[in-house]
Number of protein chains: 2
Amino acid sequence: MDERKRRVLEALITDYIATAEPVGSRTLSRKYHLGVSSATIRNEMADLEELGFLEQPHTSAGRIPSDKGYRFYVDQLMQPDRLHTDDIARIRVAYRARMREVQWFIHQTARLVSELTAYPSVVLAPGVDEAKLFDVRVLPLGRDAVLLVMQTDAGIIQNHTVSLPGGFDMAELKALAAEFTLQFRGVSIKELKDRIGDPVAGDVSRYRGLWQGALQWMAAVEGDDDKVTVAGPLNILNYPEFRDVDKVRRVLGFLEQEAAIDQWAQSWPADGVQVMIGAESLVDDIQDCSVVTATYRVGPYVVGRLMVLGPRRMHYARVIAIVQAVSEELSQALNWA
Amino acid sequence: MDERKRRVLEALITDYIATAEPVGSRTLSRKYHLGVSSATIRNEMADLEELGFLEQPHTSAGRIPSDKGYRFYVDQLMQPDRLHTDDIARIRVAYRARMREVQWFIHQTARLVSELTAYPSVVLAPGVDEAKLFDVRVLPLGRDAVLLVMQTDAGIIQNHTVSLPGGFDMAELKALAAEFTLQFRGVSIKELKDRIGDPVAGDVSRYRGLWQGALQWMAAVEGDDDKVTVAGPLNILNYPEFRDVDKVRRVLGFLEQEAAIDQWAQSWPADGVQVMIGAESLVDDIQDCSVVTATYRVGPYVVGRLMVLGPRRMHYARVIAIVQAVSEELSQALNWA
DNA sequence: TTTAGCACTCTGGCGCAGGGAGTGCTAACA
DNA sequence: TGTTAGCACTCCCTGCGCCAGAGTGCTAAA
């Protein structure tokens, strides 16, 4: 793999990313001043194909990069773009607002990333599973309904309206909430799921249903709800590789499977920017896509990820730079929030 | 418009809804026992075309219904299906759960409708704009953050975390919330938007930013957020008229414009099941679609709507029945909730 | 080692013919 | 007078062959 092969491969991938058309030797020698003739490039391309970096759709077409080719490009050839100052400004401005809930930042991030990249984006919100219960409170809402408010150590707040037909005794409920807080403070939500059946001190008989419902809700419903935010899914329709409705269906269908995406993301390495090319994602429905993902933090802890989904010939250099910059900015914003 | 013409038109539309193929006279005489020969049907079809109920894609193709044809079919010929007992059971079961927030019912409804009809569905949640403020409370969350909880007379509860760097005086905040409640109870959220600047009695100087932010949030952000719920958008991909990516883009793009949908829905007549065929919707992006919509109530008041979006050759009889049944069931569920 | 030249291959577009589906018209029939 | 059978005609769709264009691989010369 000498220097010239590297340059040919880089030029070819650059061109293919821009045009989505198989690239021929003549095109390369004309558009990129490689200093050699098309015949030489032809030989290099034949070698690169033999090495598995390129593929030929059919005998008399140009070459396109293989997954391996993209991988080499991402790891060895490309370097992340320097973002345009406009883009940088846009990222800064996006988080300027104060007094917002975490969920607002998540939405904002998803929209921002999909607009900057022109690909669909996904943001995974901090999970509540790992968070530890901090306290539970109850607010009367009327004659026969209360609002349960749960706070975790990560500062995440969940709340839920519960109706109690037949009314309730507020003092009793308050005591119960205090008791509950005392007993379960510091227990992770995940663990709480297994302890739904635990007896709670105090007179719970009347409100057993309430607690069980509330716990189920805390543990299950709200835990996964809103965890995955998708923005700009229709961006995928702008790329010629998705002119086919069946391919579109698979990708958009995948983006609707929020629970599956969440679970899938659990298996990824912990930190930093990752790139998955084509089949590397191990997900059938997005074999024709690449994924670029980065984590974000609250303090020192990784709490969530953002990702960009695009065709395999994604504009990696730019997307990586954006994802990197946004994840840092988001981490900062969350630290201040 | 004699009886035979009506029967021919009905048969033709039924067939076209099922097959999406232009229907010829021979097909009609074979599949539907109309008691006359294909030649006679041909004559009737020519008449129906002249009257504007049918169209011909090209000279030697069968006929397809025009918008006017569908309109006549919906108004005069068709009657809503009797739902299968399975479907009825499914609708009943969907709302059986208790102790749920309004938003849960909305999501449930959207999913249910899109699954039953196999078309995309949209549900408009009760607006908060018309709701009147009932009370505002504040809960301490830690050293420098509080949770604002706002309740309206419609029983809608919104809440919002606000950070107050530098700490706060809880007693003062509580008094302020009480004061605020006193002053604005009974004022609609819509009105509240215009009165954000109103002075509040008590010492607000320290917390002015808090109130302004909170009000802005109540009035603007949460008011429109989540108001429109879409389910099953990809169902549209199953219909051959949307095999073209550009058409898909327009329809799915429309379904993403939640604010626009909300506004659009404001202009519809108040109550009952409505059908809009093709251009009748007055929305460019869904000229190739029909819409079936129904309202639902809390007590005697219409508070929201659900709608089904499908190709013009929608299965009106079934969809109308479903939309009708679901809207009634939802109204009941909300009355009990 | 590089390059020019050339024969070869494959795709995609175009024109054309034939089959099929459906129509409209005409004339016969009840 | 309304209905039907028959028939010529129209138009779409499909498959086929052909050709131009793009690109390759190989060979031979620089």
Side-chain angles (χ1 to χ4, degrees), chain A residues 1-9 11-16 18-66 69 240-241 243-244 313, chain B residues 1-9 11-16 18-66 69 240-241 243-244 313:
Chain A
M1 196 67 184
D2 58 23
E3 179 56 25
R4 196 170 64 194
K5 278 197 181 46
R6 297 166 63 101
R7 292 185 53 204
V8 168
L9 182 57
L12 188 145
I13 293 184
T14 304
D15 199 78
Y16 186 67
T19 65
E21 298 290 334
V23 186
S25 54
R26 230 181 95 75
T27 311
L28 283 183
S29 75
R30 252 186 310 132
K31 284 171 63 175
Y32 305 83
H33 34 290
L34 296 168
V36 289
S37 77
S38 68
T40 308
I41 295 177
R42 253 193 317 276
N43 290 327
E44 296 289 29
M45 284 165 72
D47 291 352
L48 285 167
E49 181 171 0
E50 187 129 0
L51 290 167
F53 294 114
L54 297 180
E55 288 169 357
Q56 223 172 354
H58 57 86
T59 334
S60 71
R63 305 298 210 291
I64 62 175
S66 66
E241 33 273 88
R243 225 173 270 147
D244 173 28
R313 58 172 191 100
Chain B
M1 195 69 184
D2 58 23
E3 178 56 24
R4 196 170 66 193
K5 277 197 181 44
R6 297 167 64 102
R7 291 187 55 204
V8 169
L9 181 57
L12 188 146
I13 293 184
T14 304
D15 200 77
Y16 185 67
T19 65
E21 297 290 334
V23 187
S25 55
R26 230 182 93 77
T27 311
L28 283 183
S29 76
R30 249 186 312 132
K31 284 172 61 176
Y32 306 83
H33 33 290
L34 297 168
V36 290
S37 77
S38 68
T40 308
I41 295 176
R42 256 197 307 283
N43 289 329
E44 296 290 28
M45 285 165 73
D47 292 351
L48 286 167
E49 182 171 0
E50 188 130 0
L51 291 167
F53 293 113
L54 297 181
E55 288 168 358
Q56 223 173 354
H58 55 84
T59 334
S60 71
R63 305 297 209 293
I64 62 175
S66 66
E241 34 272 89
R243 224 173 269 147
D244 172 28
R313 57 171 192 100

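Reminder, nothing fancy here: chain letters follow the sequence lines and each chain counts from 1.
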CG of B/L34 versus P of D/dG2: gap in Å, rounded?
19 Å

Minimum-distance nucleotide (side-chain atoms of A/S60 versus D/dA22, D/dT24, C/dG22)
D/dA22

Closest non-hydrogen contact found for B/E241 with B/A20 is OE1-CB, 4.4 Å

Report yes if at least one side-chain N or O of A/T59 is closer than 4.0 Å to OP1 or OP2 of D/dT24; otherwise report no.
no

Which side chain to side chain donor-acceptor pair (under 3.5 Å) pairs, counting each pair once, include a residue from residues 46-55 of chain A, with sequence neighbours left out?
A/K5-A/D47, A/E49-A/R63

Could you give the distance from CZ (B/R4) to OG1 (B/T40), rounded to the nearest 0.5 Å?
6.0 Å

OG-CD1 distance between B/S66 and B/I13, expressed to the nearest 0.5 angstrom:
8.0 Å

Examine C/dG22: is either OP1 or OP2 under 4.0 Å from a nitrogen or oxygen in the side chain of B/R63? Give yes or no.
no

So which nucleotide from D/dT4, D/dT24, C/dG24 ends up closest to the side chain of A/S25?
D/dT24

Using OP1 and OP2 only, check whether a side-chain N or O of A/R4 sits under 4.0 Å from C/dT2.
yes

Residue A/V36, side-chain atoms from C-beta onward, closest of C/dT3, D/dG23, C/dG24
C/dT3

Between the CD atom in A/E21 and the OG1 atom in A/T27, the distance rounded to the nearest 0.5 Å is 10.0 Å

Pairs of donor and acceptor atoms involving the side chains of residues 28-36 of chain B, under 3.5 Å and at least two apart or interchain, shall be tabulated with distances.
unit_1 : atom_1 : unit_2 : atom_2 : d
B/S29  : OG     : B/R26  : O      : 3.1
B/K31  : NZ     : B/D15  : OD1    : 2.7
B/Y32  : OH     : B/D15  : OD1    : 2.8

Nearest heavy-atom neighbours spanning B/P22 and B/Y16:
N-CE1, 4.0 Å

Identify which nucleotide among D/dT4, C/dA4, D/dT24 has an atom closest to any side-chain atom of B/A39, counting heavy atoms from C-beta outward.
D/dT4

From CZ of B/R26 over to P of D/dG6, roughly how many Å is that when rounded to an integer?
12 Å

Spacing between B/K31 atom NZ and C/dG22 atom P, to the nearest angstrom:
11 Å

Identify, residue by residue, the members of residues 40-58 of chain A with a heavy atom below 4.0 Å from DNA chain D, and return them in order of residue number, or none.
A/R42, A/M45, A/Q56

d(CG, A/D2; P, C/dT1) in whole Å:
11 Å

